[in-house]
Structures are given as C-alpha cells and as structure tokens.
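These figures come from a predicted structure and were not determined experimentally. So that the names make sense, note that chain A is the first sequence line, chain B the second, and so on, each numbered from 1.
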Amino acid sequence: MQDMGEALAVAMTLVLSGDGDLVEIVGLSLRVSLTATVAACAIGLPIGALVATNRFPGRGAVLVVMNALMGLPPVVVGLIVYLHLSRAGPLGFLGLLYTPAAMIIAQTILIAPIVAALSRQVIEDMHAEYADHFSSLCLTTRQTVQALLWDARYALLTVALAGFGRAVAEVGAVMIVGGNIDHLTRVMTTAIALETSKGDLPLALGLGIVLMILALGVNALVHSLRLTAVRQAYA
Amino acid sequence: MKPLRLAALLCAVSLPCAALADDILVQSTTSTANSGLYDHLLPIFAEATGIQVNVVAVGTGQAIRNARNCDGDVLLVHAKPAEEKFVADGFGASRTDLMYNDFIIVGPAADPAAVAGLDDIQPALEKIAAAQALFASRGDDSGTHKKEVSLWASTSVDPATASGDWYRETGSGMGATLNAGIGMGAYVMTDRATWISFKNKQDYKILVEGDADLFNQYGVIPVSAKKCPSVNVEGAQAFADWLLSDAGQAAIADYEVDGQQLFFPNAPD
Amino acid sequence: MREAIIHGPEALTEGAVPASNLLPLRVRGLCLSLGGRRILNNLDLELGPTGCTVLLGPNGAGKTQFLKLLHGLLEPDTGEIDWNGAKPAQITSRQALVFQKPVLLRRSVAANVDFVLKSRNLPRARRNALLDHVGLGDKARQPARLLSGGEAQRLALARALATEPEVLFLDEPTASLDPASVNRIEEIVLQAVRNGTRVILVTHDIGQARRLADEIVFLHGGRVAEQAAADRFFAGPRTPAARAHVSGGLVL
C-alpha cells in the first residue's frame, strides 16, 4: 500500500501547485462531460417524460430497451461513434474525430439512455400524483410534460448527476474518439490510463484522487441545492 | 431545450478546439509516445516550422487501421511488412526507415526459466516454454506482438497451444502488458524505450538482449492524398522530411532517459 | 359559451350571472365497475340549472367516481351522461374539480394559480384578486406545499375559480379541517353559488349539507336512492337508508 500514500502526496502536490497541465485536463474533463450531460438531458428528459405520461402499444418493450441501454459499454459507443466520424465514415466530412466535440457526442450517446430511463421513473411517480389535477385542467401533452419536468427539477438534477458521474468516469469511449491527444483531447480518465500504461502508478492514482475530489465537489453542490429545495417542499 | 439551441451549444463548445487546418495528426505506436520522445521532438519541430503536431498513440495495428480510414496525416509505427503493405495498397505516399532500437525480454529477479544473460532469443523462448514459466504476450496485433509471434515461429514451440495456461495474451498495450506481467510474475517482451521509461519495474530486470533478431525498426509514412484527399499533405511531408533531416535525426539521438539513449536514428542519406 | 364570470376583483364577490347552458344534466343508466366491484349500478339523475347540489351517501357509494364521471375524467362501463347535449369529456375545461386532498404543485402559492391561468391563456393579473378572495393574498410567495390543510384547500379553490368554471365539483373539501377553516371554505363556496356557478358537492358532514345545499341527492347501492330539495330532505328523508345516514345510523 506504499503506492497509496505516494499517490495521496502526488494528488496533494498536483492540486496545491495548480499545475497548468492538470488544470487544462480537469477543465476539459468538466467541459466535455458537463456539455454531454446537458445534451443528454435535452434528449433524455423529454423522452423520459413522454414515455412516463403516455400509454401506447409496445410501451413495455420501450421500457426494457431504455433500461438495457443504460448498460451500454463505453468502448462500443466509442467504436460506433468512431466509425461514423472517421474520415472513411458517413460523417467524416465534419472533421470531428479527435476533437472534444466527438467526445461530447460519444458521452451524450452513452448517458442519454440513463437520463431517459431514470427520469421516466421519477416523472411517472410524479405524474401519478398530478394526473387528476392535470386532466381536470385539460392540459395538452406538451403542457403536462413541461409542468412535470419543472416540478421534478430537483429530482431530475440527481438524475443528471448520475449521467454526469458516468460520463466523467468513463474512459473507453473518449479514448477511441478523442485519441488522448495532449493539450487537445486529454481528459482525466485518459490521462490516468496513460500514466498507468507508463507504469507511473502513483501519478495515475493521484490523478484518480483529483477526479474523485472533483466528483465530490459536484455532488456536494447538487446536494446543497436539493437541501434548499427540500426545505421549501419543492423537491 | 430546443434542438437548434443544442446544436448551437455543441458548436460553441467544439469549434474552438477543432483541429486547425495547419495542424497535423500522427497515428503512432505507443512506445514513441509513452517514452516521452514526442514531448522532446515536437516543440523543436514546432519552433522550426510553426506546425502543431497532434499524436494519437495506439498499437501499430490499430494505428495502421486508423490511417487506412484516413484518420491521420502521418503514420509512425514499427512493423515493416505491414507498413510496406500499407504503401503498396496506396494509403502511404512512401515509407522510410527513421530510427531503431531493440526488443528485450524482461523478467522477475527469480528468473524461474533461468534465461538471464542469454543473447540468443530462440533458446531463451524455448527454455521459458519448457519450464512452463509464465509469459505475458501483447496479443493485440501491435508491432511488438507481430515481432513476438514471428520469433516464436522461429522456435520449435507453438505458444498458442498454451494460451491461457503459461502463455498469457493480455490484448492490451505495452504498458498495460508490463503491469499485468509484473503483477503475475511473467516474462514480457518489450521494446527498450518503453522499458527504460517505465516506472513500475519492481524487481524486474532485462534478462535477454543483444540478438540481431531483436532489432526494432521504426518507419515514417506520410498518408497518401490519393486515397485520403482530406490529409494535410504539406504538413505531413514537412514533418516526415524534418524527422529524416540531419536536424531531426540529431534531435532523436539527443533524447535520453536516465542517461540512456532510447532511439537510434538510421534514416538513409 | 357564456360570458366570463369574473372580470375583476369586484366580480369575484358580487353580480348575478345567467345560468350555464351546460345544464340541465341528464344521467341515464350509468354503470361503473372498478377492480371487479360494481360501484354504480344503473344510476339515473337529472339536475336543474342553478344552485348547490350536495351528494350524500355512505362510504363506498361511489360519490367520488360519480364526480369524476360527470367531469369527464372517467369513462363509464355503460350509460349516458348528457350535459345539455355535450358529453363530459367535451366540456371538462368549462368545469373544475376540487379534490379531497388537493394536489399542489411544488411551487409557490402564486405560481400554482399562475400555472392554471397560463394553461388557459388567462391574464396573470387576476392572480392577486383570486388569492385575496380566498384569503391567501399575504402568502403568495410561500411554498404551496408548506400551507396548512385549510390554506391548501383554499388555494385549490382559488385555482378552481381561476378557470371561471360553469360547474364546480367539490369532493369533501373540508374533510379533516378545523371549524374555522371549514367556515372560510363554505363562505367561498356560497359566494360561488351566489355568482351563478353550479356547485355539486360531496360531503359526509350533515351540518355542512344543511348549510350549503339547495338540493340533496342521496346515493345508495350504486344508484340515486333519493333526490329532494334540501329543506324537504332534512324535514324527513323518505328512504330508510337516508334516514339512517342523516341520523348517524348504520347503512348497509
């Protein structure tokens, strides 16, 4: 366990020294994964809300598929996105491979099903509570979905957080579509993989600790937001 | 959020970091990247030409496949037959010898197959097989893996029959294979550059080296604009030309880790 | 559709309005089963154009389901509900229903009313008048879900009145409220009746029925056991079941 102690020391040094490369990598990690989370919410929340509030034939199958897609392997997502964005692929002309945009796309695909499936559950529970009031008001589907998304916002924040956690921690997809290019597409997880493959385990672990501190910070922020909401009975 | 706003957001996030037209992308083997060679070379090249070089470091097999998809401007790998096929298929403009180092066998200090000090690779591999001592192979179609397979083929042993037994194919990069091999006490064949710069050596030592068969040649290939119209032809040629020039070759020779030279330039005059 | 009932704060409290053209209501042969249990059994009913009708009946008589059927939130198994030529689902938006346990949005008091106004494209300026009308003017900024039971029910009433309903259904609106709260809510309901809103109210509170009802409909065994003007009914119910119910006896 000597490495653990060394890793802690490395992590402390990295954080306290404000190492320029580290700041850049952390910044890119946050930018890519937060953008992917926002995009995944823009896609996943309406889908989750629509499935939650509507009864239609084949709904059971849709639920099973949504839940299954939560387990998408990052490497597979990375490969599929790579094949599309590659110069030889159908979207190669966009020139997006090996850019942060490619990483955002891959992570969005990875976590949109998580956002959709988890939000479906949250919204369905709330809809059961609101349904009578809403049908009495003769709301349209659009009004219903908008109202539910707004009223469930604090619970959905936790859903978004689950997506963000998965995005910021995955390495398989961003490694393939980002290429782990120094100063361009290197993020926390690919940097950790790189240092591991160089055999620099303390530095890899140190970076891992920084990543966990980051996740801790984001979670604490969301938690305090929720606490405020709970106090006002908005959550 | 409206789809339009989403698209705008994606653009705003991605555009500032999309590769600029002047940049070039190198599809590279891992040893040159992980050993820090590019960190040494690229600033010198950028200083001389103003061209920014981005490196994707993957196994040689993967690098060639990516380049065949036109996802790179320059290929820098170490598997001569595969490189020549790449050029013959029209994907590479030309292949030139760039530099070399050598492969070595590293193993635990205990050396269960007693191969320490051998300078002949075939007997060493046969002793490992006879002792059924663990051997960790890349198993990933990389340049190093191709080399290792060809070396086994020159022995009387077919390690594939012992796959999963004493012959362990990790299916990962050099660093990951070294970590795994060291973790299980297996012998590992690695290029010298990766080994010297590798930081998790524990009690491992170089046990077999010096056989002419362990020679490791690196080549550089600008990707052909005929197959891949999107490549940055001038940038790619400028990078290859510089690597092969006296200045580039001297820069390669200058690179040392722990006082040891990692790569030996051997571009043709 | 008739003229809007409410034009400003003053309109909330005074002024007679012509009766809704949704009335008379005719219900024929209504049957409803839920979970294998027959709740309404060939129910017939006619309701006139004005006033407050109170539905009485023992627990499980199907009063809540009957309100939902009239409001178009439930479909009957068989039978017909005729709102002067319209089916319930066609005119749901011209009615409002206040539930026994109000469903309040996770928003402020004001935002709960705003939501209803916005859903109907009604001017948001009317919100303060509505809140003042139910005595919640000073609580507009508070989280709705932190209101007391009585306040919550008054907010539900404000929301219901916001849509200017021609028919207002109330499902035990004062169950488990303290007497002061009951008083305030009955005041608001009486005012709505005076303003010409057709009120149909379910209650177990016989005193409340006496105070509010112009007409009593007694449900028993899945159908209307007795229908009479309130003073007539309370002077002496004709059916034994109604008599027992009013006097607190057991109805089987």
field: Flag for A/Y82-B/N69: side-chain donor and acceptor within less than 3.5 Å
entry: yes

- request: May I ask you to name which of A/S197, A/G178, A/A88, A/P202 has the most heavy-atom pairs under 4.5 Å with chain B?
  value: A/S197

field: B/K201, NZ: over 12 other non-hydrogen atoms inside 6.0 angstrom
entry: yes

field: Over 12 foreign heavy atoms within 6.0 Å of NE2, B/H40
entry: yes

query: Given the options A/A36, A/G89, A/S86, which has more heavy-atom pairs under 4.5 Å with chain B than any of the others?
result: A/S86

message: Show the nearest heavy-atom pair for residues A/K198 and B/F198, with the distance to one decimal.
response: O-CD1, 3.2 Å

- prompt: If you count heavy-atom pairs under 4.5 Å with chain A, which of B/T177, B/T30, B/D71 comes out on top?
  reply: B/D71

message: Is the shortest side-chain heavy-atom distance between A/T185 and B/V56 below 4.5 Å?
response: no

message: More than 12 heavy atoms of other residues, nucleotides or ligands under 6.0 Å from CE of A/M12: yes or no?
response: no

- prompt: Quick one: does A/L201's side chain get under 4.5 Å of B/N179's, heavy atoms only?
  reply: yes

- prompt: When rounded to the nearest 0.5 angstrom, what distance separates CG in B/D39 from CG in A/D182?
  reply: 6.0 Å

message: Which heavy atom of A/I181 sits nearest to which heavy atom of B/V55, and what is that distance?
response: CG1-O, 3.3 Å

query: What part of B/N66 lies closer than 4.5 angstrom to a heavy atom of chain A: side chain, backbone, both or neither?
result: both

field: From CG (B/N54) to CZ (A/R186), nearest 0.5 Å
entry: 10.5 Å

- prompt: What residue, out of B/S230, B/P229, B/C228, has the most heavy-atom pairs lying under 4.5 Å from chain A?
  reply: B/S230

- prompt: Say you draw a straight line from OH of A/Y98 to CG of B/L25; how long is it, rounded to the nearest 0.5 Å?
  reply: 6.5 Å

query: For the atom pair NZ (B/K199) and CG (A/L203), what is the distance rounded to the nearest 0.5 Å?
result: 7.5 Å

query: Quick one: what part of B/Q27 sits under 4.5 Å from any heavy atom of chain A, side chain, backbone, both or neither?
result: side chain

